[in-house]
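The figures that follow rest on heavy atoms only: side chains count, while hydrogens, waters and symmetry mates do not. Positions are given from 1 along the sequence.
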Amino acid sequence: MIGYCQLSIQNNLMGSPWFLVTVAVNQTAEEIASALLFERGSTGIVTLEEHAGIVTLGAYFDRPMEAEDLKLSLEAAFNTAGLFESLISISTSEIPDQDWMQKWKEGFEAVEIGNRLIVTPSWKLPANSKGRAIVQIDPGMAFETGTHETTRLCLESIERYWHGASLLDVGTGTGILAIAAA
């Protein structure tokens with residue numbers, strides 16, 4: 001799993017299935033697709049895959065969704081934005097209820113960044129750091145676990161260009177940039 005998903009289980013009775021809508025879109029249409037899926041009642045969206053300018057999103061719902069209805073809505077929204085033919089594919093499936101607090105952790109792995117860092121959650125500490133500094137961040141509600149491109153680029157820039165002195169990490173989130181600098 002790439003990215004993260006926060007599922008809200010207040011609207012879903014424990015034991016009831018979830019309904020997953022999987023949507024592949026051109027990367028330029030990702031925000032529009034996400035906004036529309038949330039408007040339609042998605043309780044969480046996760047990025048399942050990214051490659052060659054195509055993003056595959058997984059949107060969870062607490063009720064069944066009609067793929068054809070969503071397809072028409074997405075196409076209309078993309079056409080309005082001038083993003084014609086941005087919908088690559090759409091499908092729906094039923095997902096049995098699970099222990100989501102444990103399940104979401106399965107997708108997180110240690111991530112090597114630059115030449116000197118490994119960013120990892122506490123439950124995936126590597127046996128061998130390969131001479132890299134370990135930055136242990138347990139993902140949660142805060143942004144910045146090292147998996148997002150902007151965080152990765154900032155960490156690589158700190159490694160390459162920052163040589164000590166003062167550093168201000170504004171909107172710190174997890175504090176990963178300040179931790180890496182230290």
Checklist outcome for this item: Closest non-hydrogen contact found for Thr56 with Ala24 is OG1-CB, 3.8 Å

Checklist entry - Is the closest side-chain heavy-atom distance between Leu167 and Trp162 below 4.5 Å? => result yes

Next on the checklist: Can you give me the closest heavy-atom contact between Phe19 and Asp62, atom names plus distance?
Outcome noted: CD1-C, 3.9 Å

Checklist entry - Do Thr120 and Val135 come close enough that some side-chain heavy atom pair is under 4.5 Å? => result no

Item to check | Intermediate values then yes/no, side chain to side chain contact (heavy atoms under 4.5 Å, CB included), Ile90 and Leu70 | outcome: CA-CA 8 Å; Ile90 185 167; Leu70 286 172; 3.7 Å; yes

Item to check | Nearest heavy atoms of Leu117 and Ala180, plus distance in Å | outcome: CD1-CB, 3.9 Å

Next on the checklist: Has Glu159 got a side-chain atom pairing as donor or acceptor with Arg116's backbone, closer than 3.5 angstrom?
Outcome noted: yes

Item to check | Short side-chain to backbone donor-acceptor contact, Asn26 and Thr28, under 3.5 Å | outcome: no

Next on the checklist: Ignoring hydrogens, what is the shortest heavy-atom contact between Val25 and Ala33? Give both atom names and the distance.
Outcome noted: CG1-CB, 4.3 Å

Item to check | Side chain Ser42, main chain Gly44, donor-acceptor under 3.5 Å | outcome: yes

Checklist entry - So do the side chains of Arg152 and Val111 get within less than 4.5 Å of each other, counting heavy atoms only? => result yes

Checklist entry - Under the 3.5 angstrom rule, does the side chain of Thr43 hit a backbone N or O of Tyr60 as a donor-acceptor pair? => result yes

Checklist outcome for this item: Residues Ile118 and Ala110: closest non-hydrogen pair is CG2-CB, 3.8 Å

Next on the checklist: Run Ile32 and Leu83 through side chain to side chain contact (heavy atoms under 4.5 Å, CB included) and show every step you take.
Outcome noted: CA-CA 10 Å; Ile32 294 171; Leu83 300 172; 3.7 Å; yes

Item to check | Straight-line distance of Leu74 CG to Ser86 OG, nearest 0.5 Å | outcome: 10.0 Å

Next on the checklist: side chain to side chain contact (heavy atoms under 4.5 Å, CB included), that's the test. Do Leu153 and Thr151 meet it? Break it down for me.
Outcome noted: CA-CA 5 Å; Leu153 287 170; Thr151 305; over 6 Å; no

Next on the checklist: When you compare the side chain of Ile113 with that of Glu156, does any pair of heavy atoms fall below 4.5 Å?
Outcome noted: yes

Item to check | Pair listing, side-chain hydrogen bond (donor to acceptor under 3.5 Å, both in side chains) test, anchored in residues 66-75, at least two apart | outcome: Arg40-Asp69, Arg40-Ser73

Checklist entry - Looking only at heavy atoms, what is the nearest atom pair of Ile158 and Ala181, with distance? => result CG2-CA, 4.0 Å

Next on the checklist: Would the distance check show the side chain of Arg160 and the main-chain N or O of Gly114 forming a donor-acceptor pair, the cut-off being under 3.5 Å?
Outcome noted: no

Checklist outcome for this item: Rounded to the nearest 0.5 angstrom, the NZ-CG distance for Lys130 and Asn115 is 12.5 Å

Checklist entry - Which is it for Glu30 and Leu57 under the side chain to side chain contact (heavy atoms under 4.5 Å, CB included) test, yes or no, and what are the steps along the way? => result CA-CA 8 Å; Glu30 179 181 6; Leu57 302 172; 3.9 Å; yes

Next on the checklist: With a 4.5 Å cut-off on side-chain heavy-atom distances among I, L, V, M, F, W and Y, is there a chain of contacts connecting Phe38 to Met65?
Outcome noted: yes

Checklist entry - Who pairs with His163 by side-chain hydrogen bond (donor to acceptor under 3.5 Å, both in side chains), at least two apart in sequence or on another chain? => result none

Checklist entry - Is the shortest heavy-atom distance from the side chain of Thr174 to the side chain of Ile179 under 4.5 Å? => result no

Checklist entry - Should Phe61 and Leu37 count as side-chain neighbours, where that means a heavy-atom distance under 4.5 Å? => result yes

Item to check | Glu94 CD: over 12 foreign heavy atoms closer than 6.0 Å | outcome: yes

Checklist entry - Within the side chain of Asp138, is there an N or O that forms a donor-acceptor pair under 3.5 Å with the backbone of Pro121? => result no

Next on the checklist: Working to the nearest 0.5 angstrom, can you tell me the gap between Ser122 OG and Ile134 CD1?
Outcome noted: 12.0 Å

Checklist entry - With a 4.5 Å heavy-atom cut-off, do Ile54 and Gln27 have their side chains touching? => result no

Item to check | CD1-CG distance between Ile45 and Leu48, expressed to the nearest 0.5 angstrom | outcome: 10.5 Å

